[in-house]
Amino acid sequence: MVDTACPAVSAADLLALKERYLIPCVYHFYQRPLAIVSGEGAYLIDSTGRRYIDGFSGVTVMSAGHCEPAIIEPVTEQMRTLQHTTSIYLTEPVLRLAERLASITPGDLCRSFFCASGSEAVEGALLLAALHTGRRQVLAMNGGLHGRTRWGMNVTGLEMWRTDPDPIDGVTHVPFGDIEALEQCLAAEGERYAALIAEPIQGNGGVRVPDPGYWPAVRRLCDRYGILLVFDEVQTGFNRTGHWFACEHWGVVPDVLAVSKALGNGFPIAAFITNDTVAASYTRPGASTYGGNPVCAAAALATIRFHQDRRLGENARARGAELRDGLRSIARRCRSFGAPRGIGLMLGCPVTDASGRPDPVRTDMMLESFKDHGLLAGKTGADRNVLTFMPPLTINTAEVGLILECVGLGVADAG
Ligand SMILES: Cc1ncc(COP(=O)(O)O)c(C=O)c1O
(Lines give C-alpha, C1' and ligand atoms only; values in the text may rest on other atoms or scores of the structure.)
Protein backbone atom coordinates (compact mmCIF):
# COMPACT_ATOMS: atom_id res chain seq x y z
CA MET A 1 0.00 0.00 0.00
CA VAL A 2 1.30 3.45 -0.85
CA ASP A 3 1.16 6.14 1.83
CA THR A 4 -0.27 9.13 -0.06
CA ALA A 5 1.34 11.54 2.39
CA CYS A 6 4.63 10.01 1.37
CA PRO A 7 4.50 8.94 -2.30
CA ALA A 8 6.99 6.37 -3.64
CA VAL A 9 10.29 8.12 -4.11
CA SER A 10 13.16 7.19 -6.36
CA ALA A 11 16.10 5.03 -5.34
CA ALA A 12 18.30 8.14 -5.53
CA ASP A 13 16.10 9.98 -3.00
CA LEU A 14 16.18 7.02 -0.63
CA LEU A 15 19.92 6.66 -1.01
CA ALA A 16 20.35 10.32 -0.01
CA LEU A 17 18.20 9.74 3.11
CA LYS A 18 20.14 6.61 3.98
CA GLU A 19 23.47 8.36 3.62
CA ARG A 20 22.30 11.25 5.76
CA TYR A 21 20.47 9.40 8.53
CA LEU A 22 21.72 5.83 8.91
CA ILE A 23 24.92 4.75 10.60
CA PRO A 24 27.38 4.09 7.75
CA CYS A 25 27.79 0.38 8.65
CA VAL A 26 24.36 -0.28 7.10
CA TYR A 27 25.51 -1.34 3.68
CA HIS A 28 23.57 -2.18 0.53
CA PHE A 29 23.97 -4.27 -2.59
CA TYR A 30 24.46 -2.75 -6.06
CA GLN A 31 26.16 0.27 -7.55
CA ARG A 32 22.79 1.26 -8.93
CA PRO A 33 20.50 0.23 -6.05
CA LEU A 34 16.78 -0.18 -6.45
CA ALA A 35 14.03 0.98 -4.10
CA ILE A 36 11.67 -1.88 -3.32
CA VAL A 37 8.10 -0.86 -2.66
CA SER A 38 6.08 -4.07 -2.69
CA GLY A 39 6.20 -7.83 -2.84
CA GLU A 40 3.94 -10.53 -4.25
CA GLY A 41 4.69 -14.25 -4.07
CA ALA A 42 8.15 -14.80 -5.50
CA TYR A 43 8.43 -11.24 -6.83
CA LEU A 44 9.54 -7.83 -5.59
CA ILE A 45 8.46 -4.61 -7.30
CA ASP A 46 10.55 -1.44 -7.33
CA SER A 47 9.61 2.25 -7.32
CA THR A 48 9.51 2.32 -11.12
CA GLY A 49 7.01 -0.56 -11.19
CA ARG A 50 9.55 -3.10 -12.43
CA ARG A 51 9.16 -6.71 -11.20
CA TYR A 52 12.12 -8.79 -10.07
CA ILE A 53 12.14 -12.44 -9.21
CA ASP A 54 13.39 -12.70 -5.64
CA GLY A 55 16.33 -15.08 -5.53
CA PHE A 56 17.37 -14.20 -1.97
CA SER A 57 14.09 -14.08 0.03
CA GLY A 58 15.37 -11.26 2.27
CA VAL A 59 18.10 -13.70 3.28
CA THR A 60 15.98 -16.85 3.54
CA VAL A 61 13.17 -15.17 5.44
CA MET A 62 10.33 -15.12 2.89
CA SER A 63 10.21 -18.87 2.28
CA ALA A 64 6.41 -18.81 2.01
CA GLY A 65 6.52 -15.90 -0.47
CA HIS A 66 5.79 -12.20 -0.12
CA CYS A 67 2.48 -10.94 1.28
CA GLU A 68 1.02 -14.45 1.31
CA PRO A 69 -2.73 -14.10 2.09
CA ALA A 70 -2.79 -17.38 4.08
CA ILE A 71 -0.36 -15.75 6.51
CA ILE A 72 -1.41 -12.10 6.30
CA GLU A 73 -5.08 -12.84 7.08
CA PRO A 74 -4.64 -14.64 10.42
CA VAL A 75 -1.98 -12.09 11.38
CA THR A 76 -4.34 -9.21 10.63
CA GLU A 77 -7.05 -10.91 12.66
CA GLN A 78 -4.61 -11.34 15.55
CA MET A 79 -3.65 -7.66 15.31
CA ARG A 80 -7.30 -6.70 15.64
CA THR A 81 -7.70 -8.98 18.68
CA LEU A 82 -4.54 -8.68 20.76
CA GLN A 83 -1.39 -7.06 19.46
CA HIS A 84 0.99 -7.31 22.34
CA THR A 85 1.44 -8.43 25.90
CA THR A 86 4.60 -10.06 27.08
CA SER A 87 5.76 -13.45 28.29
CA ILE A 88 4.76 -12.71 31.90
CA TYR A 89 1.12 -13.33 30.86
CA LEU A 90 -0.41 -16.45 29.41
CA THR A 91 -1.48 -16.10 25.77
CA GLU A 92 -2.50 -18.89 23.44
CA PRO A 93 -0.64 -18.21 20.14
CA VAL A 94 2.87 -18.55 21.57
CA LEU A 95 2.02 -21.69 23.54
CA ARG A 96 0.40 -23.28 20.49
CA LEU A 97 3.52 -22.34 18.57
CA ALA A 98 5.78 -23.98 21.14
CA GLU A 99 3.61 -27.11 20.89
CA ARG A 100 3.83 -27.01 17.08
CA LEU A 101 7.61 -26.55 17.11
CA ALA A 102 7.97 -29.53 19.46
CA SER A 103 6.16 -31.64 16.86
CA ILE A 104 8.35 -30.63 13.89
CA THR A 105 11.80 -30.34 15.48
CA PRO A 106 13.91 -33.51 15.43
CA GLY A 107 14.46 -35.97 18.28
CA ASP A 108 13.78 -34.88 21.83
CA LEU A 109 13.80 -31.12 21.21
CA CYS A 110 10.61 -29.92 22.81
CA ARG A 111 11.09 -26.75 24.90
CA SER A 112 11.35 -23.26 23.42
CA PHE A 113 12.37 -19.82 24.59
CA PHE A 114 11.09 -17.12 22.23
CA CYS A 115 12.83 -13.89 21.32
CA ALA A 116 12.91 -11.51 18.37
CA SER A 117 16.04 -12.13 16.28
CA GLY A 118 18.52 -14.79 15.27
CA SER A 119 21.31 -13.07 17.20
CA GLU A 120 19.25 -13.21 20.38
CA ALA A 121 18.44 -16.88 19.85
CA VAL A 122 22.15 -17.68 19.48
CA GLU A 123 23.03 -15.64 22.55
CA GLY A 124 20.37 -17.47 24.57
CA ALA A 125 21.46 -20.86 23.27
CA LEU A 126 25.04 -20.22 24.41
CA LEU A 127 23.89 -18.96 27.80
CA LEU A 128 21.81 -22.10 28.21
CA ALA A 129 24.83 -24.27 27.36
CA ALA A 130 26.96 -22.41 29.91
CA LEU A 131 24.28 -22.80 32.60
CA HIS A 132 23.86 -26.50 31.86
CA THR A 133 27.53 -27.44 31.76
CA GLY A 134 28.95 -24.93 34.23
CA ARG A 135 31.62 -24.17 31.61
CA ARG A 136 32.25 -20.93 29.73
CA GLN A 137 34.38 -21.74 26.66
CA VAL A 138 32.75 -22.12 23.26
CA LEU A 139 33.86 -23.81 20.07
CA ALA A 140 32.82 -22.33 16.74
CA MET A 141 33.66 -22.81 13.08
CA ASN A 142 35.69 -20.73 10.67
CA GLY A 143 33.26 -19.34 8.12
CA GLY A 144 30.25 -19.46 10.45
CA LEU A 145 27.97 -16.47 11.04
CA HIS A 146 25.88 -16.16 14.19
CA GLY A 147 24.85 -12.53 14.71
CA ARG A 148 25.68 -9.08 15.93
CA THR A 149 25.43 -9.39 19.71
CA ARG A 150 28.79 -9.52 21.46
CA TRP A 151 28.83 -13.30 21.86
CA GLY A 152 27.19 -13.87 18.47
CA MET A 153 29.77 -11.73 16.73
CA ASN A 154 32.62 -13.40 18.55
CA VAL A 155 31.57 -16.93 17.63
CA THR A 156 31.20 -15.72 14.04
CA GLY A 157 34.12 -17.00 12.00
CA LEU A 158 33.98 -14.55 9.12
CA GLU A 159 36.35 -11.60 9.39
CA MET A 160 33.96 -9.24 7.62
CA TRP A 161 31.28 -9.68 10.28
CA ARG A 162 33.59 -9.62 13.33
CA THR A 163 33.50 -5.86 13.76
CA ASP A 164 34.33 -5.89 17.46
CA PRO A 165 37.93 -4.68 17.79
CA ASP A 166 38.22 -6.20 21.26
CA PRO A 167 37.07 -9.82 21.01
CA ILE A 168 35.93 -11.61 24.16
CA ASP A 169 37.94 -14.50 25.54
CA GLY A 170 36.76 -18.06 25.53
CA VAL A 171 35.95 -18.65 21.88
CA THR A 172 37.99 -21.10 19.79
CA HIS A 173 37.43 -21.44 16.07
CA VAL A 174 38.12 -24.70 14.25
CA PRO A 175 38.10 -25.35 10.48
CA PHE A 176 34.61 -26.21 9.20
CA GLY A 177 34.25 -29.79 8.02
CA ASP A 178 37.61 -30.98 9.39
CA ILE A 179 36.99 -33.72 11.98
CA GLU A 180 40.70 -34.32 12.65
CA ALA A 181 41.26 -30.67 13.59
CA LEU A 182 38.33 -30.85 15.97
CA GLU A 183 39.60 -34.10 17.51
CA GLN A 184 43.01 -32.52 18.12
CA CYS A 185 41.50 -29.44 19.71
CA LEU A 186 39.33 -31.53 22.01
CA ALA A 187 42.08 -33.99 22.93
CA ALA A 188 44.00 -31.04 24.42
CA GLU A 189 41.19 -29.34 26.31
CA GLY A 190 37.81 -30.93 25.52
CA GLU A 191 36.41 -30.62 29.04
CA ARG A 192 36.64 -26.81 28.95
CA TYR A 193 33.89 -26.31 26.41
CA ALA A 194 30.23 -25.66 27.15
CA ALA A 195 29.11 -25.72 23.53
CA LEU A 196 30.07 -26.25 19.95
CA ILE A 197 28.03 -23.89 17.79
CA ALA A 198 27.72 -24.34 14.04
CA GLU A 199 25.45 -23.95 11.05
CA PRO A 200 24.87 -27.43 9.56
CA ILE A 201 25.35 -25.81 6.14
CA GLN A 202 27.23 -22.53 6.24
CA GLY A 203 25.15 -19.79 4.65
CA ASN A 204 27.17 -16.59 4.83
CA GLY A 205 30.32 -18.68 4.66
CA GLY A 206 29.45 -19.33 1.00
CA VAL A 207 26.97 -22.27 1.10
CA ARG A 208 29.39 -24.89 2.38
CA VAL A 209 28.16 -28.43 2.97
CA PRO A 210 30.45 -30.79 4.93
CA ASP A 211 31.15 -34.43 4.01
CA PRO A 212 28.43 -36.95 4.90
CA GLY A 213 30.22 -38.38 7.97
CA TYR A 214 31.09 -35.03 9.50
CA TRP A 215 28.06 -34.15 11.65
CA PRO A 216 27.59 -37.68 13.07
CA ALA A 217 31.30 -37.64 14.04
CA VAL A 218 30.94 -34.17 15.62
CA ARG A 219 27.90 -35.42 17.58
CA ARG A 220 29.94 -38.35 18.95
CA LEU A 221 32.81 -36.07 19.97
CA CYS A 222 30.47 -33.64 21.73
CA ASP A 223 28.95 -36.55 23.66
CA ARG A 224 32.38 -37.86 24.62
CA TYR A 225 33.45 -34.52 26.13
CA GLY A 226 30.07 -33.45 27.56
CA ILE A 227 29.84 -30.51 25.15
CA LEU A 228 26.42 -29.32 24.01
CA LEU A 229 25.96 -29.30 20.24
CA VAL A 230 24.19 -26.08 19.25
CA PHE A 231 22.94 -25.93 15.69
CA ASP A 232 22.27 -22.47 14.34
CA GLU A 233 19.50 -23.12 11.82
CA VAL A 234 18.53 -19.46 11.57
CA GLN A 235 19.22 -19.65 7.85
CA THR A 236 18.85 -23.36 7.03
CA GLY A 237 15.63 -24.03 8.98
CA PHE A 238 12.05 -24.46 7.80
CA ASN A 239 12.40 -26.48 4.62
CA ARG A 240 15.09 -24.37 2.97
CA THR A 241 17.03 -27.55 2.25
CA GLY A 242 14.00 -29.80 1.73
CA HIS A 243 13.51 -30.89 5.36
CA TRP A 244 12.15 -28.88 8.25
CA PHE A 245 15.73 -28.63 9.52
CA ALA A 246 19.02 -29.21 7.70
CA CYS A 247 20.39 -31.41 10.50
CA GLU A 248 17.86 -34.05 9.40
CA HIS A 249 20.00 -34.71 6.31
CA TRP A 250 22.57 -36.26 8.65
CA GLY A 251 20.16 -37.70 11.23
CA VAL A 252 21.93 -35.63 13.91
CA VAL A 253 19.91 -34.10 16.74
CA PRO A 254 21.52 -31.11 18.46
CA ASP A 255 21.10 -30.31 22.16
CA VAL A 256 19.99 -26.80 21.29
CA LEU A 257 18.55 -25.47 18.05
CA ALA A 258 18.47 -21.75 17.23
CA VAL A 259 15.80 -20.69 14.72
CA SER A 260 14.45 -17.45 13.27
CA LYS A 261 14.10 -15.95 9.76
CA ALA A 262 11.66 -18.21 7.83
CA LEU A 263 9.84 -19.09 11.08
CA GLY A 264 7.92 -15.80 10.94
CA ASN A 265 8.00 -15.26 7.16
CA GLY A 266 8.86 -11.59 7.69
CA PHE A 267 7.59 -11.12 11.26
CA PRO A 268 10.40 -10.84 13.81
CA ILE A 269 10.41 -14.02 15.84
CA ALA A 270 13.14 -16.41 16.92
CA ALA A 271 13.65 -19.17 19.45
CA PHE A 272 16.16 -21.48 20.99
CA ILE A 273 14.78 -24.95 21.46
CA THR A 274 16.14 -27.73 23.63
CA ASN A 275 15.29 -31.01 25.38
CA ASP A 276 13.83 -31.52 28.86
CA THR A 277 17.19 -32.26 30.49
CA VAL A 278 19.03 -29.18 29.24
CA ALA A 279 15.98 -26.95 29.77
CA ALA A 280 15.94 -27.96 33.44
CA SER A 281 19.19 -26.00 33.93
CA TYR A 282 17.55 -22.68 33.08
CA THR A 283 15.20 -21.93 35.94
CA ARG A 284 16.11 -18.41 37.00
CA PRO A 285 13.55 -15.94 35.68
CA GLY A 286 13.99 -15.12 32.01
CA ALA A 287 11.79 -12.89 29.90
CA SER A 288 11.82 -11.21 26.54
CA THR A 289 9.56 -8.24 25.83
CA TYR A 290 8.80 -9.35 22.28
CA GLY A 291 9.44 -13.05 22.76
CA GLY A 292 6.08 -14.65 22.30
CA ASN A 293 4.39 -11.58 20.88
CA PRO A 294 0.96 -12.88 19.79
CA VAL A 295 1.11 -11.32 16.31
CA CYS A 296 4.50 -12.84 15.53
CA ALA A 297 3.42 -16.15 17.03
CA ALA A 298 0.28 -16.10 14.86
CA ALA A 299 2.49 -15.42 11.84
CA ALA A 300 4.74 -18.35 12.71
CA LEU A 301 1.78 -20.69 13.24
CA ALA A 302 0.27 -19.66 9.89
CA THR A 303 3.68 -20.02 8.23
CA ILE A 304 4.18 -23.56 9.51
CA ARG A 305 0.64 -24.48 8.43
CA PHE A 306 1.33 -23.01 4.98
CA HIS A 307 4.57 -24.98 4.65
CA GLN A 308 2.61 -28.15 5.40
CA ASP A 309 -0.42 -27.40 3.22
CA ARG A 310 1.75 -26.42 0.27
CA ARG A 311 4.34 -29.17 0.88
CA LEU A 312 7.16 -26.65 0.64
CA GLY A 313 9.78 -29.21 1.70
CA GLU A 314 8.96 -31.35 -1.34
CA ASN A 315 8.92 -28.29 -3.56
CA ALA A 316 12.32 -27.20 -2.24
CA ARG A 317 13.73 -30.59 -3.22
CA ALA A 318 12.12 -30.72 -6.67
CA ARG A 319 12.70 -27.08 -7.68
CA GLY A 320 16.13 -27.18 -6.05
CA ALA A 321 17.10 -30.07 -8.34
CA GLU A 322 15.91 -28.12 -11.40
CA LEU A 323 17.75 -24.97 -10.32
CA ARG A 324 20.92 -26.92 -9.58
CA ASP A 325 20.84 -28.63 -13.00
CA GLY A 326 20.34 -25.31 -14.76
CA LEU A 327 23.12 -23.58 -12.80
CA ARG A 328 25.42 -26.49 -13.52
CA SER A 329 24.91 -26.19 -17.25
CA ILE A 330 25.57 -22.42 -17.10
CA ALA A 331 28.76 -23.19 -15.11
CA ARG A 332 29.86 -25.59 -17.87
CA ARG A 333 29.62 -22.77 -20.42
CA CYS A 334 31.39 -20.10 -18.32
CA ARG A 335 34.68 -20.83 -16.54
CA SER A 336 34.41 -17.97 -14.07
CA PHE A 337 31.00 -19.13 -12.78
CA GLY A 338 31.54 -22.24 -10.63
CA ALA A 339 29.32 -25.30 -10.25
CA PRO A 340 26.54 -24.99 -7.66
CA ARG A 341 26.86 -26.39 -4.17
CA GLY A 342 24.25 -26.65 -1.44
CA ILE A 343 21.06 -28.62 -0.82
CA GLY A 344 17.45 -27.96 -1.85
CA LEU A 345 16.85 -24.28 -2.52
CA MET A 346 20.00 -23.17 -0.75
CA LEU A 347 22.51 -23.01 -3.59
CA GLY A 348 25.70 -21.05 -4.16
CA CYS A 349 28.07 -20.72 -7.11
CA PRO A 350 31.64 -19.43 -6.57
CA VAL A 351 32.98 -16.84 -9.01
CA THR A 352 36.68 -17.03 -9.83
CA ASP A 353 39.26 -15.37 -12.09
CA ALA A 354 41.25 -17.02 -14.89
CA SER A 355 43.64 -18.61 -12.41
CA GLY A 356 40.84 -19.99 -10.22
CA ARG A 357 41.16 -17.41 -7.43
CA PRO A 358 38.03 -15.86 -5.84
CA ASP A 359 36.94 -12.86 -7.90
CA PRO A 360 34.76 -10.52 -5.80
CA VAL A 361 34.83 -7.80 -8.47
CA ARG A 362 33.39 -10.06 -11.15
CA THR A 363 30.93 -11.38 -8.54
CA ASP A 364 29.61 -7.85 -8.05
CA MET A 365 29.37 -7.35 -11.79
CA MET A 366 27.31 -10.53 -12.13
CA LEU A 367 25.11 -9.63 -9.18
CA GLU A 368 24.42 -6.20 -10.70
CA SER A 369 23.78 -7.69 -14.10
CA PHE A 370 21.34 -10.29 -12.68
CA LYS A 371 19.45 -7.38 -11.16
CA ASP A 372 19.42 -5.49 -14.45
CA HIS A 373 17.93 -8.60 -16.09
CA GLY A 374 15.30 -8.93 -13.35
CA LEU A 375 16.74 -11.26 -10.68
CA LEU A 376 17.76 -10.35 -7.13
CA ALA A 377 20.33 -12.92 -6.00
CA GLY A 378 22.60 -12.99 -2.94
CA LYS A 379 26.32 -12.76 -2.34
CA THR A 380 28.21 -14.52 0.46
CA GLY A 381 31.52 -16.24 1.28
CA ALA A 382 34.66 -15.31 3.17
CA ASP A 383 35.97 -13.85 -0.10
CA ARG A 384 32.59 -12.34 -1.07
CA ASN A 385 32.63 -14.33 -4.27
CA VAL A 386 29.76 -16.79 -3.91
CA LEU A 387 26.52 -15.93 -5.70
CA THR A 388 23.64 -17.44 -3.76
CA PHE A 389 20.24 -18.55 -4.92
CA MET A 390 17.65 -18.94 -2.17
CA PRO A 391 14.25 -18.02 -3.63
CA PRO A 392 10.91 -18.46 -1.85
CA LEU A 393 10.14 -22.17 -1.54
CA THR A 394 6.86 -21.57 -3.35
CA ILE A 395 8.50 -21.11 -6.76
CA ASN A 396 7.32 -23.19 -9.71
CA THR A 397 9.22 -24.64 -12.65
CA ALA A 398 8.55 -21.58 -14.84
CA GLU A 399 10.00 -19.33 -12.13
CA VAL A 400 13.08 -21.53 -11.87
CA GLY A 401 13.37 -21.03 -15.64
CA LEU A 402 13.14 -17.28 -15.18
CA ILE A 403 15.92 -17.30 -12.57
CA LEU A 404 18.11 -19.37 -14.90
CA GLU A 405 17.42 -17.08 -17.84
CA CYS A 406 18.56 -14.03 -15.81
CA VAL A 407 21.63 -15.92 -14.52
CA GLY A 408 22.56 -16.99 -18.05
CA LEU A 409 22.30 -13.42 -19.34
CA GLY A 410 24.10 -11.90 -16.33
CA VAL A 411 26.95 -14.40 -16.48
CA ALA A 412 27.36 -13.76 -20.23
CA ASP A 413 27.52 -9.98 -19.61
CA ALA A 414 30.16 -10.23 -16.89
CA GLY A 415 31.82 -13.57 -17.61
C1 LIG B 1 23.06 -18.43 10.48
C2 LIG B 1 22.69 -17.11 11.09
N3 LIG B 1 22.67 -16.98 12.42
C4 LIG B 1 22.33 -15.83 13.02
C5 LIG B 1 22.01 -14.71 12.27
C6 LIG B 1 21.63 -13.44 12.96
O7 LIG B 1 20.25 -13.24 12.83
P8 LIG B 1 19.60 -11.77 13.04
O9 LIG B 1 20.07 -10.92 11.92
O10 LIG B 1 18.11 -12.04 13.00
O11 LIG B 1 20.02 -11.30 14.38
C12 LIG B 1 22.02 -14.80 10.88
C13 LIG B 1 21.69 -13.62 10.06
O14 LIG B 1 21.88 -13.56 8.87
C15 LIG B 1 22.36 -16.03 10.27
O16 LIG B 1 22.39 -16.17 8.94
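Given the structure is predicted, the values throughout are model-derived calculations rather than measurements. Indexing begins at 1, ligand by ligand and atom by atom, following the structure's order. Throughout, residue positions are numbered sequentially from 1 according to the sequence presented.
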Inset, instruction - Run the numbers on Asp325 and Arg328 for salt bridge (Lys or Arg N to Asp or Glu O under 4.0 Å), then give the verdict. - result: CA-CA 5 Å; Asp325 286 350; Arg328 197 180 285 132; 3.5 Å; yes

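Less than 4.0 angstrom separates some heavy atom of Asn204 from each of these atoms of ligand 1: 16 (O). The contact set between ligand 1 and Ser117, taken as ligand atoms under 4.0 Å from a residue heavy atom, comprises 10 (O), 11 (O). Close approach of ligand 1 to Glu199 (heavy-atom distance below 4.0 Å) involves ligand atoms 1 (C). Atoms of ligand 1 found under 4.0 Å from any heavy atom of His146 (numbered from 1 in listed order, with element): 3 (N), 4 (C). Contact atoms of ligand 1 toward Gly147: 6 (C) (distance under 4.0 Å to a heavy atom of the residue).
In this structure, the ring of Phe245 has its center less than 6.0 angstrom from the ring center of Phe238. Taking the six-membered ring for Trp and the full ring otherwise, Trp250 and Tyr214 have centroids separated by 6.0 Å or more. Side-chain rings of Tyr290 and His84 approach one another, their centers coming within less than 6.0 Å. Ring to ring, Trp244 and His307 are close: their centroids are under 6.0 angstrom apart.
At the top of the distance list for atom 9 (O) of ligand 1, counting protein heavy atoms only, stands Arg148 NH1, 3.3 Å. For atom 12 (C) of ligand 1, the closest heavy atom belonging to the protein is Leu145 CD2, 3.5 Å. Looking only at heavy atoms of the protein, atom 13 (C) of ligand 1 is closest to Lys261 NZ, 3.3 Å. For atom 16 (O) of ligand 1, the nearest non-hydrogen atom of the protein is Gln235 NE2, 2.9 Å. The nearest protein atom to atom 10 (O) of ligand 1, hydrogens excluded, is given as Gly118 N, 2.8 Å; this is a heavy-atom distance.
Minimum interatomic distance between Val256 and Ala125 (heavy atoms only, all atoms of both residues): CG1-CB, 3.7 Å. For the residue pair Thr156 and His173, the shortest heavy atom distance occurs at O-NE2, 3.2 Å. The shortest heavy-atom contact between Phe29 and Pro33 is O-CB, 3.9 Å.
Ligand 1 does not have Glu233 within reach: every non-hydrogen atom of the residue lies 4.0 Å or more from it.
Checked against a 3.5 angstrom limit, the closest N/O atoms of Ser119 and ligand 1 fall inside it. Checked by distance only, ligand 1 and Glu120 stay at 3.5 Å or farther apart across all their nitrogen or oxygen atoms. Considering backbone and side-chain atoms alike, Asp232 places an N or O below 3.5 Å from some N or O of ligand 1. Remark: ligand 1 and Val122 share no N or O pair separated by less than 3.5 Å (distance only, no angle test). On a distance-only criterion, Ser260 and ligand 1 share no N/O pair closer than 3.5 Å.
Between Phe113 and Phe272, the ring planes lie parallel to each other; the angle is under 30°, not in the 30° to 60° tilted range.
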